[in-house]
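Within every chain, numbering begins at 1; the chains are lettered A, B, ... in the order of the sequence lines, protein sequences first and strands thereafter.
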2 protein chains.
Amino acid sequence: MTGRVMIVGLGPGRAEWMTPEAGQAIGAATDVVGYGPYLDRLALRPDQRVHASDNRAELVRARLALKLATDGRTVAVVSGGDPGVFAMAAAVFEAVEEDPRWLGLDIAVSPGVTAMQAAAARLGAPLGHDFCAISLSDNLKPWEVVARRLKAAAEGDFVIALYNPASKARPDRIHDAFRLLRSMKDGSTPVAFARAVGRPDERLTLTTLGEADPAVADMATLVMIGSSETRYIAREGERPWMLTPRTYGAGR
Amino acid sequence: MTGRVMIVGLGPGRAEWMTPEAGQAIGAATDVVGYGPYLDRLALRPDQRVHASDNRAELVRARLALKLATDGRTVAVVSGGDPGVFAMAAAVFEAVEEDPRWLGLDIAVSPGVTAMQAAAARLGAPLGHDFCAISLSDNLKPWEVVARRLKAAAEGDFVIALYNPASKARPDRIHDAFRLLRSMKDGSTPVAFARAVGRPDERLTLTTLGEADPAVADMATLVMIGSSETRYIAREGERPWMLTPRTYGAGR
């Protein structure tokens with residue numbers, strides 16, 4: 001008997017944003033592995049074994065899932081958002097070469113809605129044109145790499161989605177990022193801080209690159225920074241829509 | 001009585017990848033507006049009015065949806081993938097300022113899994129680190145803008161997801177894009193052509209930047225181009241996994 005690892009995304013928080021495939025994979029699992037708060041969202045059965053862990057221990061979790069599968073278990077590895085985007089899928093495949101038996105396992109990834117998409121949906125259509133996603137969180141990514149990518153993103157005039165903008169270990173990184181982007185992009189560029197979208201404590205802050213306070217961003221915040229084409233559409237009594245038109249130069 | 005516009009993503013093809021929210025929005029609609037083949041995927045009721053249109057007519061569809069809502073209808077505008085990513089959400093917000101009544105409408109976007117994520121899930125974890133998404137399709141985006149963004153993406157060493165790589169109007173654009181990327185990136189960079197992922201005619205072609213034949217890409221293909229960190233993990237008797245590790249420099 002051989003086991004199986006299914007790497008599953010729960011989406012950004014609302015049950016209505018989790019795919020049926022994710023629910024099926026969790027239902028079929030004998031073992032569910034993940035960060036505690038994600039597991040707390042799930043209605044698991046008493047016969048399912050739950051392996052909760054700390055958020056930083058991604059490789060530990062990956063190895064546990066692979067080991068359980070070699071023991072014949074059917075394992076669901078649970079991530080928030082999309083497991084393929086700055087999340088558990090990479091950790092599992094980083095670990096998979098450590099044991100020849102792991103390479104032979106049945107492993108599958110189930111995609112999900114990621115924070116950038118939930119934020120975009122609330123804001124209007126900021127990702128209507130070319131964009132990039134940059135994580136500021138990784139302690140093992142030197143600042144030089146982050147700076148190189150922010151510069152390239154500004155030079156390419158991409159819309160930029162910043163993941164993991166703030167952490168206890170790196171509280172200044174978001175400030176450094178804004179300093180760099182302000183030196184390259186217009187101060188009137190629309191910027192939105194989209195916190196915990198889809199959860200009860202959701203909070204949207206719409207501003208501009210020049211006026212933004214980067215300290216608004218915590219680890220639950222997705223920061224959306226416009227291209228030169230992105231603009232706000234004012235509405236009476238409501239927050240504006242944020243739009244990046246599909247055609248370049250359409251707003252001029 | 002006021003109407004409503006819900007801009008809904010069906011995901012990349014499999015019903016298991018469509019969110020419950022999308023299904024609920026379509027179920028609640030009096031009118032469903034979209035490109036014919038997307039509408040054909042849905043089990044609509046006889047009392048629901050269906051407005052099918054050509055794929056190129058995005059602004060026409062957007063205006064129709066907004067007009068129906070001002071008539072008090074509850075409208076679902078249907079996109080494949082995520083309506084926020086190179087799709088109908090931008091078209092609706094581009095049109096919304098044309099009539100003052102449209103600006104006052106209740107409009108909402110429901111996010112979905114987009115082609116890049118479905119491709120990533122099948123391939124392993126190519127989007128485990130910073131990435132960008134570039135559409136080659138837009139007839140109104142000059143080649144200079146595409147070239148500038150491809151250059152920036154290469155300079156920033158992003159993983160690159162190319163949407164809409166081929167069209168009848170622009171058959172050479174994907175070849176031009178590969179020529180440019182080959183002049184800047186290593187020929188051994190992993191490249192995957194992920195066609196119609198989640199549909200019966202799904203086809204994956206794994207290769208390298210040096211050896212890739214860009215003509216493999218049609219309009220149903222998502223092209224995934226690695227960063228300098230992206231690598232293949234060989235497996236016996238199976239196609240390799242494609243991985244971009246979470247930490248920069250981890251593979252060296």
**Request:** Name the option with the most non-hydrogen atom pairs under 4.5 Å to chain B; the candidates are P12(A), P126(A), A125(A).
**Result:** A125(A)
**Asked** Between V145(B) and chain A, which part of the residue has a heavy atom less than 4.5 Å away: side chain, backbone, both or neither?
**Response** side chain
**Request:** Pick one of side chain, backbone, both or neither for R14(B), based on which atoms fall under 4.5 Å of a heavy atom in chain A.
**Result:** side chain
**Message:** Quick one: does any side-chain atom of D130(B) pair with a main-chain N or O of S135(A) as donor and acceptor, under 3.5 Å?
**Reply:** yes
**Prompt:** Under the side-chain contact (heavy atoms from CB on, under 4.5 Å) criterion, do F131(A) and V85(B) qualify, and how do the steps go?
**Reply:** CA-CA 9 Å; F131(A) 61 89; V85(B) 176; 3.8 Å; yes
**Item:** Portion of A133(A) that has a non-hydrogen atom of chain B nearer than 4.5 angstrom
**Value:** both
**Request:** Measure distances from A161(A) to the heavy atoms of chain B and classify the residue's part below 4.5 Å as side chain, backbone, both or neither.
**Result:** neither
**Request:** Measure I134(A) against the heavy atoms of chain B and call it side chain, backbone, both or neither at under 4.5 Å.
**Result:** both
**Prompt:** If you tally heavy-atom pairs under 4.5 Å against chain B, which of A152(A), A234(A), P111(A) wins?
**Reply:** P111(A)
**Asked** Given a strict heavy-atom distance threshold of 4.5 Å, which part of M88(A) is in contact with chain B: side chain, backbone, both, or neither?
**Response** neither
**Asked** Are the side chain of Q117(B) and the backbone of G112(A) linked by a donor-acceptor contact shorter than 3.5 Å?
**Response** yes
**Prompt:** Does the pair R149(B)/E155(A) count as a salt bridge with the N-to-O cut at 4.0 Å?
**Reply:** no
**Item:** Most chain B-contacting option - heavy-atom pairs closer than 4.5 Å, from A108(A), G11(A), G124(A)
**Value:** G124(A)
**Asked** Are the side chain of R235(A) and the backbone of L103(B) linked by a donor-acceptor contact shorter than 3.5 Å?
**Response** no
**Prompt:** Counting heavy-atom pairs under 4.5 Å to chain B, which of K151(A), R148(A), E238(A) comes out on top?
**Reply:** R148(A)
**W241(B) versus chain A, the contacting section by heavy-atom distance below 4.5 Å** = side chain
**Prompt:** Which pair of heavy atoms, one from G128(B) and one from A90(A), lies closest together, and at what distance?
**Reply:** CA-CB, 4.0 Å
**Request:** Check the angle between the aromatic planes of H129(B) and F86(A) and answer parallel, tilted or perpendicular using the 30° and 60° thresholds.
**Result:** perpendicular
**Prompt:** Hey, which of T19(B), T114(B), D82(B) is the one that makes side chain to side chain contact (heavy atoms under 4.5 Å, CB included) with V113(A)?
**Reply:** T19(B)
**Fill in**
Applying a strict 4.5 Å limit to non-hydrogen atoms, the region of Q24(B) in contact with chain A is side chain
**Message:** Between S110(B), A91(B), G237(B), G9(B), who has the most heavy-atom pairs with chain A when the cutoff is under 4.5 Å?
**Reply:** A91(B)
**Asked** Between R246(A) and E58(B), is the closest basic N to carboxylate O distance under 4.0 Å?
**Response** yes
**Item:** Segment of I107(A) engaging chain B (4.5 angstrom heavy-atom cut-off)
**Value:** both
**Asked** Which region of V146(B), side chain (C-beta onward) or backbone (N, CA, C, O), has a non-hydrogen atom less than 4.5 Å from a non-hydrogen atom of chain A, or is it both or neither?
**Response** neither
**Request:** Specify which of L123(B), V96(B), I233(B), V159(B) makes the most heavy-atom pairs with chain A at under 4.5 Å.
**Result:** I233(B)
**Message:** Is A22(A) close to chain B through its backbone or its side chain, or both, or neither, when contacts mean heavy atoms under 4.5 Å?
**Reply:** neither
